[in-house]
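We use all heavy atoms of the structure for the numbers below, so side chains are in, but hydrogens, waters and symmetry mates are not. Quick caveat: nothing in here was measured; it's all calculated off a predicted structure. Quick note: residue numbers are just sequence positions, from 1.
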Amino acid sequence: LATGPRQDSSIFYEFRTYDIKPSKMKEFLEMVNKYFHFRTAHSELVGFWYTELGAMNKVFHIWKYDNFAHRTAVRQALANDKDWQGKFMSAALPLIEKQYNEVAYLVPWCQLGTPPKEGGVYEWVTFQMKPGGPALWGEAFRAAINAHINTGYTKLIGVFHTEYGLLNRVHVLWWNESPDHRAAGRHSAHEDARVVAAVRDSVRFLESQENALLIPVQCSPLK
């Protein structure tokens, strides 16, 4: 099945999700803030969050790579980094119950954005789409995203579609000033005829949807 046009370069993003033992979340986050500079010395961290709503006891982080050879070189360097392995990994692994990763590209019509200010919250929305990729659902999905942007209550950070992991999946990262600001904006959007029409057109290609509210950790570049 054709995926249609994608990114103009080989740059991709790796999403890593860790399930943390419930009694160890505080300890894990303290270790991240203390030692994660050993990890970011090797490659670019886009953002690091813990989940507040929609999922419990999870952390989620996004890494940017120039290409797959770049990622391979980084992984090899990390395996040989005594500070990273000794000070963080050896202590962190017993706190983690499960790990999951995905590789994704930005959709062709989206650039990675930044929030207008620090101090807000992030919403991670996952759409499981019908097979076919952006060539099938891209224009309708873009119209639905733009309809929400045009309401003015939310800020788009990025739209990604998967290359490794569960396929035909689209992830959208939003920023809002607060959970209450997001709730008020969603209420207004649901009464906006333009948003309703765009969403109705897009859901023709939708199989399921899930979202989570994310809080950035201290060391996250996106705050």
Side-chain angles (χ1 to χ4, degrees), residues 7 11-17 44-56 58-64 100 102-129 134 137-162 165-166 168-192 194-203 205-223:
Q7 72 292 341
I11 292 172
F12 67 86
Y13 299 84
E14 182 179 7
F15 309 142
R16 299 182 71 91
T17 303
E44 181 180 350
L45 175 66
V46 175
F48 196 124
W49 303 264
Y50 64 89
T51 55
E52 179 71 10
L53 296 171
M56 297 292 290
K58 291 180 182 289
V59 296
F60 173 72
H61 36 125
I62 301 177
W63 298 92
K64 181 180 179 182
Y100 179 71
E102 294 176 286
V103 166
Y105 295 102
L106 283 167
V107 296
W109 41 267
C110 178
Q111 298 295 320
L112 191 64
T114 56
K117 61 181 180 180
E118 294 185 1
V121 297
Y122 291 79
E123 183 178 11
W124 184 249
V125 190
T126 298
F127 300 89
Q128 187 61 45
M129 310 298 288
W137 47 258
E139 290 306 314
F141 194 86
R142 181 180 186 178
I145 293 294
N146 285 337
H148 283 87
I149 293 172
N150 292 338
T151 62
Y153 79 90
T154 188
K155 166 69 174 178
L156 178 65
I157 303 300
V159 181
F160 310 84
H161 64 100
T162 54
L166 186 59
N168 301 301
R169 177 180 279 191
V170 187
H171 298 288
V172 184
L173 183 61
W174 300 96
W175 178 91
N176 290 282
E177 290 185 14
S178 70
D180 286 321
H181 186 263
R182 182 259 183 197
R186 291 284 289 177
H187 181 77
S188 298
H190 290 162
E191 297 181 347
D192 189 316
R194 296 165 299 177
V195 175
V196 172
V199 169
R200 282 178 177 171
D201 187 43
S202 178
V203 296
F205 308 105
L206 180 66
E207 293 188 344
S208 66
Q209 180 178 341
E210 183 179 6
N211 72 339
L213 186 72
L214 307 178
I215 308 297
V217 303
Q218 180 181 327
C219 67
S220 176
L222 286 176
K223 288 186 169 58

### Task
Taking all heavy atoms of P221 and all of V46, pick out the closest pair and write down the distance.
CB-O, 3.6 Å
### Task
Look at the aromatic rings of F141 and F127 and report parallel, tilted or perpendicular, splitting at 30° and 60°.
perpendicular
### Message
Let's go through L112 and Y13 carefully: what are the C-alpha distance in whole Å and the side-chain angles of both, what is the deciding distance for side chain to side chain contact (heavy atoms under 4.5 Å, CB included) to 0.1 Å, and is it a yes or a no?
### Response
CA-CA 11 Å; L112 191 64; Y13 299 84; 4.0 Å; yes
### Task
Measure across T154 and W175 and return the closest heavy-atom pair with its distance rounded to 0.1 Å.
OG1-O, 3.3 Å
### Task
Assign the ring pair H61 / F48 to parallel, tilted or perpendicular, where the plane angle (0 to 90°) is split at 30° and 60°.
parallel
### Task
To the nearest 0.5 angstrom, please state how far the OH atom of Y122 sits from the CZ atom of R182.
16.0 Å
### Nearest heavy atoms of A189 and Y153, plus distance in Å
CB-CE2, 4.1 Å
#### Entry: Heavy-atom pair with the smallest gap, counting every atom of F205 and A140
CE1-CB, 3.7 Å
### Query
Can you check side chain to side chain contact (heavy atoms under 4.5 Å, CB included) on V199 and V195, steps first, answer last?
CA-CA 6 Å; V199 169; V195 175; 4.1 Å; yes
### Task
Indicate the atoms forming the closest heavy-atom contact of W63 with E44, along with that distance.
CE3-O, 3.4 Å
### Message
The test is side chain to side chain contact (heavy atoms under 4.5 Å, CB included); show your working for T51 and M56 and say whether it passes.
### Response
CA-CA 6 Å; T51 55; M56 297 292 290; 5.6 Å; no
### Query
Hey, what do you get for CD (Q111) to CG (L106), rounding to the nearest 0.5 Å?
7.0 Å
### Task
Drop me the distance from L173's CG to L222's CG, to the nearest 0.5 angstrom.
7.0 Å
## Note on the structure
Taken to the nearest 0.5 Å, the spacing of H171 NE2 from F160 CZ works out to 9.0 Å
Can you give each donor-acceptor pair under 3.5 Å made by side-chain atoms of residues 207-217, sequence neighbours left out, with the distance rounded to 0.1 Å?
residue	atom	partner	partner atom	Å
N211	ND2	E123	OE2	2.7

### Message
The test is side chain to side chain contact (heavy atoms under 4.5 Å, CB included); show your working for E14 and I62 and say whether it passes.
### Response
CA-CA 6 Å; E14 182 179 7; I62 301 177; over 6 Å; no
### Task
Please check if atom NE2 in H190 has more than 12 non-hydrogen atoms from other residues, nucleotides or ligands closer than 6.0 Å.
yes
### Task
Enter the distance from W124:CH2 to F15:CZ here, rounded to the nearest 0.5 Å.
4.0 Å
### Query
Would you call H161 and M129 a side-chain contact if the rule is heavy atoms closer than 4.5 Å?
no
### Distance in Å, R16 CZ paired with Y100 OH, rounded so as to fall on 0.5 Å steps
12.0 Å
### Nearest atoms (heavy-atom pairs only) where P116 meets K155
CD-CG, 4.1 Å
